[in-house]
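Numbered from 1 within each chain, the chains take letters A, B, ... in sequence-line order. Values below: all heavy atoms of this structure, side chains included; hydrogens, waters and symmetry mates excluded. Bear in mind the structure is a predicted one, so any value in this text is a computation, not a measurement.
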Amino acid sequence: MGKYYLGEFEEVVMLTVGVLYNEAYGVSIKKEIEDRLDRKVSVGALQSALKRLEQKGYLSSKEGESNAKRGGRPKRYFTITASGKRAIEDTRDMRNQLYDAIPKIALDLKIS
Amino acid sequence: MKTPLPPSPPKILLRFFRWFCHPDLADYIEGDLYEIFDENVAEKGLRKARWSFAWEVLKLLRPSLIRPVSSFYKPIYIAMIKHNFILSLRSFRRYKSSFLINLIGLSTGLACALMIYLWVSDELRMDKFHDKDDRLYQVMKNSIRPEGIRTSSQSPALLANALKQDFPEIEYAITTGNDEFNGRGILKQGNRQIQVDGFFASKDFFKAFSFSLAQGNPQKVLSDKRSIILSKKLAHQLFGTTKNIIGKTIQGNRDLFKATYQVTGILGEIPTHSTLQFDFVANYDMVLSKVEWIRKWSGDGARTYVTLKKGTDAEAFNQKLGRYLQTKPDREDNQVFIQPFSERYLYGKYQNGKAAGGRIAYVRLFSLIALFVLLIASINFMNLATAHATKNTKEVGVKKALGVTRRALAFRFFQESILLAFLSLIVALHLVGLLLPQFNLITGKTLQINQLLDIAFPILGITLFTGIASGIYPAIYLSSFNPIKVLKGTSYKLSASSKVYLVRKGLVIFQFALSVIFIVGVVVVHQQISYVQTADVGYDRDQVIHFNMRGKYNRATLIERLKSTPGVVNATNIHGGNIVRMLGLGSGFQWSNQESDKEVEFRRPHVGYYFIETLGIEVIKGRTFSKSYGDEGSKLIINEAAAKIIGEQGIVGKTILDGDDKKQIIGVVKNFKVQSMHEAMKPCIMRFAPRGSDIMVKLHAKNQAQTIARIKTIYESFKPEYPFNFRFIDQEYQSLYVAEQRVASLSKYFTIIAIIISCLGLLGLTIFTNEQRMKEIGIRKVLGASVLQIVRLLTGTFTKTVLTAILIALPVSYLLMDQWLDNFAYRINLQWWYFVGAGLAVLVIAWVTVSLQTVRVARVNPVECLKDE
């Protein structure tokens, strides 16, 4: 596993932040995940994951603009940091390695 | 195109969210929430949007997002508590006398309260252990008579089954009885025979009552007519073991019905807080089959219990039940009602056919005493704390100047009083452990120190309450100081400032008023009890023994043999127990020129020869039953009260109707009192019956042990089934007043404690004010004041305070005691000296307390107190 560790939901959040690039803030991330993965995400779960990831140094955030829809509250945009990037790459490599190591026969058997 | 007021999420939820959310994140998350809400309103409508908003807010409640309480507030609170703690310890150490007085006062107060609490909780627990407690009722019977409604637990044996049949609300109906057999029956097994105490019960007994069985199935143990369930103790006595005795048989004697019983179960422990205590239970069908009159509606002699089905409204059921019994033969004047079984212990007195108090009065009384004793102890703390205010003012002033809030200051004083309360609790627990055996002796309970664990929370609650009650006044008063005034040095005047001074005085007055009331109470209770115990009851109860001797034997022979025994003055036999508790009350007499056709109720004992002589009852007119006349069965002797009712003119020789029999009155005796002094003197008509089995023997004062041994030999020569068991009737008489005696001795102790605590408080105050007036005393002495003058000066104010207390307490105590005495038909009159005596006692005690201190202070060398400064 190395020094990077991402939980499943954390990984989804990281990737989504990446997908959204400069447009990643609370609501957009939530919607993106809900659309793409067809799963319900609560604000609470998302915010605590974001906070955790920021604490780990995988995400950075900056205050953005506000509008009337948001009751005058500012948005908070997230971007992936360098170590965040390494973390998702690392996770992906680990997955691929594991996948490649599966003997063909095991997958075939499962299909039949 | 925007609407002027867009729908917004519920305000309260938003506020809640802002309250708990981490301040760093709140803004952003709130923005998100708004946005989502907005969209939801558009998509799903306002109502759904609100719900999902609430749901989202709830789900935001997670450790990583909520406001970190720990990092900001905690250390300051802990530091404050710690700081306060140190300050309290320092003040304890500096003012050792006050600390000790507070500690002793509060801990004795708490110990009192704890013991009373133990007792009260034990009383309240009585009979509550049955699983079906909330549905278990006893059926009580009201007899409606011209002179009032009499309530009794006796009911016809047929009632239980009839109720069960006629009322679908009833789950089980149980008959138990017959008390007449209690303590009389003898069970035999092989060559062992034991006198036993128990009762007969119908088959569902163990289903309604939760008495545990060590062996046997509660559903079945009583199903057979011959079944009997023994206690472990009884099984050991009869069989020497409790193993393998199920199915074995034992024999009952005459009083327990001559029959063979089969053991079907062994009882487990019967809890001590059960009012039903027994060594065996047998099937009630046995009683039904052996006793004829019990199979009729007219016969009482059973107790009936019911359990109601779940959800039955007892009140409504009672309405339905009321007139039920009246429909049965010979029961026109009887009504029944159900009373919760566990309530009977505390509410065992009846008035007008309804439960009206009973032991609950004592429970209330002692709870009140506990509260007052605690209050007195708390007042000590208040007084000393406010008296010390002068020394605390600087602390308060400096703190306030530095910006400490009033709330924090109040907290400091609360903390001190609570700390003290808990320190006292530790001492109190030790005290309770020490005193509990003594307390048990007085109350006749078997309370254990580990029972305190069951009530651990209430105890902590009481302690906290005491702490808060003690701290409340100091906290409010001390935290109200004006820092500028205090720091300028006008603080000294504060202690004498009128308001506090008045409150303090008021509290002392309250303490001493309570003490006076307690003392008057104890004196009056004692006087009343010694009055009833030594009262002239119209017969001579000294040196008379009573024993019961049943069986077939010639009563006349026994009495003659007893009479001729050396050391015996006289002997007689009667029916219905010894004279002290003699039962038998009834009407059914008629005489010529009767004033009203109302039936009059008479005591109507059946007595044998020598009854009047043995008990030394004074004969006023006529003669007593005697062997020199024949046909005494048709003669009657009456007492003065009866003579008054029947008509005193030519009373001796008058013939009246006893039922259908014509009987002649042959003598009038002085009134004599049976039963307790709570009950008024009743008219009494004595009938003659030579077959009574209750024997009373009057002994010479000398060599009683030998005489009793001789009587025992005579008793045994008749080969009765039961062992010789005698009692002096003066002891019987005393035992009528056990409850009052307990109250008397308990209240005596609590009074002493209350007085001690009050005096401790007074002592503390004296020490303190004297210290403050040292300079004044010094100057006065220098100017030539004598020790006596100074003592008078210093005690003067206290004297006034205590006198006020006495003046307030006397009328209150008069009213209270007058009310209590109304419980007795025979009561003492309240004498003026009870009150003056109590007042003087308190005054003297207060003086002694104060002057011990004051004299020491007054004798001080003025140099000592004037040298510095």
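- A 6.0 Å sphere centred on CZ of B/Arg15 holds no more than 12 heavy atoms belonging to other residues, nucleotides or ligands.
- Heavy atoms closer than 4.5 Å to chain A are found nowhere in B/Leu58, neither backbone nor side chain.
- Contact of B/Leu33 with chain A is made through the side chain alone, with heavy-atom distances under 4.5 Å.
- The environment of A/Phe9 atom CZ is dense: over 12 non-hydrogen atoms of other residues, nucleotides or ligands sit within 6.0 angstrom.
- In the displayed structure, B/Arg62 atom CZ is contacted under 6.0 Å by more than 12 heavy atoms of other residues, nucleotides or ligands.
- Between A/Lys75 and B/Asp32, none of the side-chain N atoms (NZ, or NE/NH1/NH2) sits under 4.0 Å from a carboxylate O, so this pair counts as no salt bridge.
- By a heavy-atom distance cut of under 4.5 Å, A/Tyr25, A/Gly26, A/Val27 are the residues of residues 20-29 of chain A near chain B, going up by number.
- The environment of A/Asn96 atom CG is dense: over 12 non-hydrogen atoms of other residues, nucleotides or ligands sit within 6.0 angstrom.
- B/Ile476 and B/Arg406 get closest at one heavy-atom pair: O-NH2, 3.0 Å.
- Under a cut-off of 6.0 angstrom, the local environment of NZ in B/Lys48 is sparse, with at most 12 non-hydrogen atoms contributed by other residues, nucleotides or ligands.
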